[in-house]
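Counting convention: from 1, in listed order, for ligands and their atoms alike. Quick note: numbers below take in every heavy atom, side chains included, and nothing from hydrogens, waters or symmetry partners.
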Amino acid sequence: MITVFAGGVGGAKLVLGFANLLNPEELTVVVNTGDDEEFYGLYVSPDIDTVIYTLAGLSNEATGWGITGESFRTLGRLKEYGMDTWFNLGDLDFATHITRTKLLKDGLSLSEVSQHIAKSVGVQHSVLPMTNDDAKTIVHTADGKMSFQEYFVKNKCEPVVEYLEFGGKKGVLPSGEVLHALKNSTSIIFSPSNPYLSINPILALSGLRGAISNFKGKKIAVSPIVGGKALKGPAAKLLKEMGADVSAVGVAKQYADICDVFVIDSEDAGLASDIEALGMSVAITDTVMNSKLDKVSLAEFILELCE
Ligand code: FO1
């Protein structure tokens with residue numbers, strides 16, 4: 001079995017590639033929940049939903065999040081009622097959040113609820129939240145501190161990030177399901193999600209870095225930066241604000257102490273020796289995933305590295 005650490009859009013694309021090649025018992029996806037937030041009393045877990053909707057073939061290809069063909073009538077009515085509506089929740093998406101909130105209130109864990117939602121829309125592979133506890137990311141910026149979604153959606157990633165605070169309280173543990181998956185895995189894959197916003201919240205969980213350091217199988221990370229640019233989202237801007245190189249080398253430095261192999265795009269082949277100097281081996285292929293074939297090809301390439 002392989003375990004894939006994933007955030008939202010970039011992670012979900014690669015996960016779809018793996019899901020096309022591996023049986024459900026051969027793949028576990030561990031998803032960042034630092035982006036989770038409550039809206040109107042409903043518990044929203046954006047990265048979990050992005051992965052589930054993508055695997056279910058429901059996702060909006062244009063945005064990468066939400067459900068294709070969504071309507072926003074409920075949100076429109078909430079606006080008429082004077083509610084804050086900067087986070088675009090669609091009508092069908094609301095059903096997911098209502099279900100999640102109800103089941104959490106009934107006493108199910110976020111892992112159990114996520115499995116229930118995934119199965120209900122036909123997803124057979126395991127999609128696990130990184131933790132069952134509150135681990136929301138707080139973004140400290142030049143404009144003050146804010147929740148992840150306030151930073152990402154309300155403020156369009158514009159505030160300059162000073163530092164990121166992970167975990168609702170100190171010592172948040174990974175879920176038992178995550179630890180079980182790692183114990184039974186032969187490889188760990190760090191998907192091309194934002195290393196600061198999507199992967200670091202997972203790595204910040206108590207004991208997880210140690211578990212990964214002691215992990216005997218292959219540990220492979222994929223660069224979300226190609227040709228000095230992020231394929232989507234604020235990864236390049238964040239690298240700059242954190243004082244890192246805005247390149248695959250800058251990302252590789254984040255993974256140098258926990259990964260054996262770093263996958264870069266063919267366009268960045270010239271950076272291979274700089275990354276090898278960090279102590280990782282480098283694998284070069286086309287990493288930009290536009291079509292389904294791109295996603296499956298990249299997943300296939302990584303599975304070969306796992307052997
Ligand atoms: N991203 C946006 O840029 N704007 C939105 O209004 C928005 C709404 C939204 C609703 C549900 C959901 O599951 C995700 C949504 N996202 C939206 C994406 C989300 O903020 C980010 O993809 C992740 O948190 C970062 O990975």
Notebook entry, point to check: Phe5: what forms a ring pair (Phe, Tyr, Trp, His ring centres under 6.0 Å) with it, not counting sequence neighbours?
Noted result: Phe190
Contacts under 3.5 angstrom, residues 296-307 side chains, donor-acceptor by atom type, not counting sequence neighbours:
from, atom 1, to, atom 2, distance (Å)
Ser297, OG, Leu293, O, 2.8

Next item on the list: Salt-bridge test for Lys136 and Asp35: reply yes if a basic N is under 4.0 Å from a carboxylate O, no otherwise.
Entry: no
What are the distances between nitrogen or oxygen atoms of ligand 1 and protein nitrogen or oxygen atoms, counting only those under 3.5 Å?
from, atom 1, to, atom 2, distance (Å)
ligand 1, 1 (N), Trp65, NE1, 3.2
ligand 1, 6 (O), Asn88, N, 3.0
ligand 1, 6 (O), Asn88, ND2, 2.8
ligand 1, 20 (O), Gln149, OE1, 2.7
ligand 1, 24 (O), Asp35, OD2, 2.7
ligand 1, 24 (O), Gln149, NE2, 2.9
ligand 1, 26 (O), Asp35, OD2, 3.4
ligand 1, 26 (O), Asp47, OD1, 2.8

Would you list the atom pairs, donor with acceptor, under 3.5 Å between side chains in residues 275-283 and any protein atom, with sequence neighbours excluded?
from, atom 1, to, atom 2, distance (Å)
Ser281, OG, Asp260, O, 3.3

Checklist line | Pair Arg209 + Asp257: basic N to acidic O under 4.0 Å | finding: yes
Next item on the list: Take atom NZ of Lys237 as the centre, draw a 6.0 Å sphere, and report whether it contains more than 12 heavy atoms from other residues, nucleotides or ligands.
Entry: yes
